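I have placed the structure first, in the form of structure tokens, so that the comments after it can refer back to it.
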Amino acid sequence: MAVQLLILALFLLVVPVLAGSIFARTDRGSGSLLFRWVSGQFLLWMGFQLICVPLILRERSFGNVSALFLGYTAALALLASAAEIRRLARGASLPAWSLGRFFRGRQPVEAALWLLFWGLFLFQMVQAVRLAYADGDDAYYVAVSVLTEESGTMYQRIPYTGLTTGLDTRHSLAPFPLWISFLSRVSGMRTVSVAQVVLPLVLIAMAYAVFGLLGRRLFPEKGWKLPLFMLFVELGVIFGDYSIYTVENFMIARSRQGKAALGSIVLPFLFLVLLGLLKKLQEKEKIPPSMYLLLGAAAVSACLCSTLGALIVCMGVGIVGILGAVSYKRPGVLAPMALSCLPCVCYALLYLFLEG
């Protein structure tokens, strides 16, 4: 069990942080551990989506997907390591974080708010594991993860019975359950345990990390505003579970499902990237290519989570791009923003073709 958890920590924490160093100079605060972790995970999700979908449609085995994604992960880690070594050679410092350093120099009210936030956060982490339960949709999504890992086939078995069937084209374009199968295969842990015990801890923490990054963007000055914002977010999540259809329910109780990651992690992070892009347009700064790459990674990750993500991302990026180009007289941003959404357009057209 200890070895399995270490392997999962490597793929869910260490490798994403390492991969996220590619975006260390994208924007203000992009060198922090939180930003590296989240952005690196999006880069990994993008790779999994681009590798997995073509092999699903060609009805190849899941072993091929696992081998190719392992290669992609290793290549990405090596590239990020080389970029980090080069950055350190130029005099940059590694991001550091410790609990003592976090609270040092803070005012009593601010420190009290942060302590309250972390206390409620730990409470949610414990409850996410202690009260893990099977949602109705798990009969499909978790079953798909289990069948894929055990049989080696992808979307060619009926999850309710295990019987062989034709390719499920409706769900195959958003293979988030297969990413869970990959984690189970490389770690050796049972797929159900990965989906219902390990992933909720990681994905809920990632959702709060995204909102923390958003809070830093909205409240850049140091003080009590950021912890108060995070506390209200937390209270909204805790008391927002009044229906099985709320975003809060998806985040806290159904985080293992792709549509939960879309609403709780991907779309807020996309909003964060677009907010940073508009800020650079307003200040007439040059937009680095890494920001467009990050925008594209978030867009493709939305497609990994849900087929609906392609439509939402294209609409959001299109509206922001047009408004930014007109308001700040920067029409040059339209082409790279449209290019970052091109995979989403392709997936949407492919969905219409397969379903038509």
Side-chain angles (χ1 to χ4, degrees), residues 20 22-32 34-36 38-43 45-46 49 206-223 225-226 228-230 232-233 236 247 261-349:
I22 295 174
F23 303 108
R25 302 179 66 180
T26 298
D27 200 5
R28 299 184 188 92
S30 59
S32 66
L34 284 182
F35 192 91
R36 289 189 180 196
V38 177
S39 60
Q41 187 59 71
F42 276 93
L43 206 55
W45 279 347
M46 178 184 71
Q49 171 76 355
M206 188 178 295
Y208 279 115
V210 173
F211 279 99
L213 294 169
L214 268 173
R216 286 182 184 177
R217 170 68 66 178
L218 297 173
F219 309 106
E221 67 279 1
K222 293 183 179 180
K225 292 182 180 179
L226 177 57
L228 186 63
F229 167 77
M230 293 301 299
F232 272 110
V233 171
V247 177
L262 174 66
S264 303
I265 301 173
V266 179
L267 294 182
F269 186 78
L270 184 70
F271 179 76
L272 173 68
V273 176
L274 292 174
L275 201 60
L277 192 145
L278 288 176
K279 186 68 173 178
K280 287 186 175 296
L281 291 179
Q282 183 185 31
E283 298 178 354
K284 302 186 183 303
E285 296 181 8
K286 182 180 178 181
I287 300 175
S290 58
M291 179 166 280
Y292 292 118
L293 174 61
L294 188 56
L295 184 62
V300 177
S301 297
C303 299
L304 170 70
C305 296
S306 173
T307 50
L308 184 61
L311 176 62
I312 296 175
V313 167
C314 288
M315 289 177 59
V317 174
I319 291 172
V320 171
I322 293 173
L323 292 177
V326 173
S327 300
Y328 302 113
K329 299 179 181 179
R330 296 278 296 274
V333 303
L334 290 176
M337 290 183 72
L339 188 62
S340 66
C341 289
L342 185 60
C344 294
V345 176
C346 294
Y347 285 122
L349 293 176

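Everything quoted here is computed from the prediction, not taken from an experiment.
The aromatic rings of F42 and F269 sit parallel, their planes meeting at an angle under 30°, below the 60° perpendicular limit.
Counting heavy atoms from C-beta on, the side chains of L213 and S32 come closer than 4.5 Å. Residues R36 and F23 fail the side-chain proximity criterion, which asks for heavy atoms closer than 4.5 Å. The side-chain heavy atoms of L281 and I287, taken from C-beta on, include a pair separated by under 4.5 Å. No side-chain heavy atom of V300 sits under 4.5 Å from any side-chain heavy atom of L304. Contact check for P336 versus M291: no side-chain heavy atoms found under the 4.5 Å cut-off. Side-chain contact check for P343 versus Q49: every heavy-atom pair is 4.5 Å or farther apart. Using a 4.5 Å cut-off on side-chain heavy atoms (C-beta onward), L278 and L323 make no contact.
Summarising the geometry of L262 relative to P268, their closest heavy-atom pair is O-CD, 4.2 Å, with the distance given to 0.1 Å. Between L274 and V320, the closest heavy-atom pair is CD1-CG2, 3.8 Å. Residues A325 and V333 share a closest heavy-atom pair of CB-CG2, 4.3 Å. Nearest heavy atom pair, residue L34 against residue A209, reads CD2-CB, 3.8 Å. The shortest heavy-atom contact between C344 and V313 is SG-CG1, 4.0 Å. Heavy-atom minimum distance, A299 versus S340: CB-O, 3.9 Å.
Residue L272 forms a side chain to side chain contact (heavy atoms under 4.5 Å, CB included) with just one option from L294, L214, L277, and that option is L214.
Within 6.0 Å of CZ in F271 there are 12 or fewer heavy atoms belonging to other residues, nucleotides or ligands.
Sorted pairs that involve residues 308-333 and meet side-chain hydrogen bond (donor to acceptor under 3.5 Å, both in side chains), not counting sequence neighbours, are lacking altogether.
With sequence neighbours excluded, the residues satisfying side-chain contact (heavy atoms from CB on, under 4.5 Å) with L311 are L308, M315.
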